[in-house]
Amino acid sequence: MDVIGGLVVIAIEGPAVLEVYPDTHSLAIAAISLFFSCAREAIERCGRFTVALSGGATPKTMFELLAGQEYQSQLDWRKVEFCWGDERCVPPDHPESNYRLAWDSWLHHLPLTPVQIHRIPGELPPAEAARVYEAELHRLFPGDTLPHFDLIFLGLGTDGHVASLFPGTPALQVQDRWVCENYLAATASWRVTLTLPVLNAATNVVMLVSGKEKASILKRVLAAQGDVTLPASMLHPSSGSLYWLVEQSAMSI
Ligand code: 6PG
């Protein structure tokens, strides 16, 4: 474990790095810095930047900061394609919508055209929503056997889930689709999610973890390797990088 400028950097299994930040603000600033470095590299390399945003509460601080004036000129936003890692099966204006979280706190401030927003149509029946989103991704990544997102943001559930790949659910086993629907018995609700092969095909995967309630599961996930009961431990980008950006309160070590 190294401490660089007050930042604890812990090398963990495989091409992954874990960085610990003292609070949610510095965690968000680190995530923003990684967002822009991935974006500039992708735009330089291929003229566009494809990013999948996560849902839940953790990314909200990052989104709100990114909406600030100081970031508006930091990128040619016309070259960014916004997607989502997963979505709740609710309309886009529903309080639970991951799209609404990103749109309200960040994206509506940006000079984007509607075609840059690849929303998961949560208002449709789950299986149809998955099919529609997968077709959209095939248009975004034509001819690819898997979509190689330049960056995928993910959060960590207290049960070890990422996106809407929950332990013991069928979606976690899906290898032959890019997107699938998934029923979450605990909340009697449907989700639509990128599948594990798509997460592991990304160039950069960034896990954002904060809150003391995540300390226990984070420790288990980091100690596990490919444990199907801990979906986050199955993240191993085949030719990409995995970053764990963790707020101090989520580190129980
Ligand atoms: C969702 C997310 C989900 C989330 C984790 C962490 O739709 O809720 O995609 O995977 O990232 O559950 O959520 P918090 O950030 O709220 O802890």
Side-chain angles (χ1 to χ4, degrees), residues 12-14 16 18 52-59 83-90 94-99 101 120-122 124-134 137 146-147 149 152-202 205-238 240 242-246 250-252:
I12 51 178
E13 185 67 30
L18 182 144
L53 303 177
S54 65
T58 304
C83 302
W84 276 261
D86 72 324
E87 185 56 279
R88 292 87 181 275
C89 289
V90 294
H94 191 284
E96 288 288 305
S97 164
N98 290 338
Y99 159 82
L101 169 71
I120 300 174
L124 298 177
E128 184 183 352
R131 279 195 305 274
V132 167
Y133 188 50
E134 181 161 305
L137 294 185
L146 278 171
F149 281 95
I152 297 180
F153 278 116
L154 294 169
L156 177 65
T158 51
D159 59 358
H161 78 259
V162 287
S164 286
L165 300 173
F166 295 91
T169 61
L172 188 57
Q173 309 300 331
V174 172
Q175 296 289 315
D176 59 348
R177 291 172 64 186
W178 292 9
V179 181
C180 69
E181 65 280 9
N182 203 19
Y183 183 71
L184 183 57
T187 56
S189 61
W190 283 92
R191 301 280 191 98
V192 173
T193 184
L194 294 179
T195 57
L196 194 58
V198 173
L199 303 185
N200 281 328
V205 176
V206 176
M207 290 290 303
L208 284 184
V209 187
S210 71
K212 60 182 183 302
E213 72 281 2
K214 301 290 174 72
S216 167
I217 190 66
L218 177 62
K219 189 170 186 176
R220 290 177 57 208
V221 165
L222 293 179
Q225 285 303 316
D227 180 346
V228 71
T229 68
L230 295 171
S233 74
M234 300 174 78
L235 287 175
H236 293 291
S238 46
L242 174 59
Y243 298 87
W244 288 86
L245 304 186
V246 179
M251 288 300 291
S252 57

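Bear in mind the structure is a predicted one, so any value in this text is a computation, not a measurement.
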Q. Between C180 and A171, which heavy-atom pair has the shortest distance, and what is it?
A. SG-CB, 3.4 Å
**Q.** Point-to-point distance, once rounded to the nearest 0.5 Å, from NZ of K219 to CE of M251
**A.** 9.0 Å
Q.
Between Q173 and L196, does the side chain to side chain contact (heavy atoms under 4.5 Å, CB included) criterion hold? Intermediate values first, please.
A. CA-CA 8 Å; Q173 309 300 331; L196 194 58; over 6 Å; no
Q. Nearest heavy-atom pair of E96 and V90: which atoms, and what distance?
A. C-CG2, 4.2 Å
Q: Return yes when atom CZ of R177 has more than 12 non-hydrogen atoms of other residues, nucleotides or ligands closer than 6.0 Å, and no otherwise.
A: yes
Q: Please examine the side chains of D159 and H161, heavy atoms only from C-beta on, and report whether any two atoms are closer than 4.5 Å.
A: yes
Q: Kindly give the heavy-atom pair with the smallest separation between P121 and Y133, and that separation in Å.
A: CD-CB, 4.3 Å
Q.
Working to the nearest 0.5 angstrom, can you tell me the gap between C89 SG and W190 CH2?
A. 8.0 Å
When the side chains of residues 205-216 are checked against the rest of the protein, which donor-acceptor pairs come out under 3.5 Å, sequence neighbours left out?
from : atom 1 : to   : atom 2 : distance (Å)
K214 : NZ     : L156 : O      : 2.8

Q) Within a strict 4.5 Å, meaning less than it, do heavy atoms of the V221 and W244 side chains meet? A) yes
Q: Check the pair S164, D86 against side chain to side chain donor-acceptor pair (under 3.5 Å), reporting the backbone distance first and the verdict last.
A: CA-CA 6 Å; S164 286; D86 72 324; 2.5 Å; yes
Q: Run through I120, L194, V192 and flag the one making a side-chain contact (heavy atoms from CB on, under 4.5 Å) with W84.
A: I120
Q: Carefully, step by step, assess T195 and Q175 under the rule side chain to side chain contact (heavy atoms under 4.5 Å, CB included).
A: CA-CA 7 Å; T195 57; Q175 296 289 315; over 6 Å; no
Q) Could you state the interatomic distance from OG (S238) to CG (L146), rounded to the nearest 0.5 Å? A) 8.0 Å
Q: Please examine the side chains of S189 and R88, heavy atoms only from C-beta on, and report whether any two atoms are closer than 4.5 Å.
A: no
Q. So which heavy atom on H236 is nearest to which on Q225, and how close?
A. CE1-OE1, 3.0 Å
Q: In sequence, state the C-alpha distance, the side-chain angles, and the governing distance for F149 and L137, and then conclude on side chain to side chain contact (heavy atoms under 4.5 Å, CB included).
A: CA-CA 10 Å; F149 281 95; L137 294 185; 3.9 Å; yes
Q. Taking atom CD of E181 and atom CZ of R131, what is their separation to the nearest 0.5 Å?
A. 8.0 Å
Q.
Looking at every non-hydrogen atom in both residues, tell me the closest pair between P147 and A201 and how far apart they are.
A. O-CB, 3.7 Å
Q: To the nearest 0.5 Å, tell me how far L154 CG sits from L242 CG.
A: 9.0 Å
Q: Quick one: pull up OG1 in T229 and CZ in R220 and give me the separation to the nearest 0.5 Å.
A: 6.0 Å
Q) Do you know the tightest heavy-atom contact between M234 and D227? A) CG-O, 3.9 Å
Q: Test side chain to side chain contact (heavy atoms under 4.5 Å, CB included) on L18 and Y243 and set out the steps.
A: CA-CA 6 Å; L18 182 144; Y243 298 87; over 6 Å; no
Q) Can you name the residues that form a side-chain contact (heavy atoms from CB on, under 4.5 Å) with P170, not counting sequence neighbours? A) N182
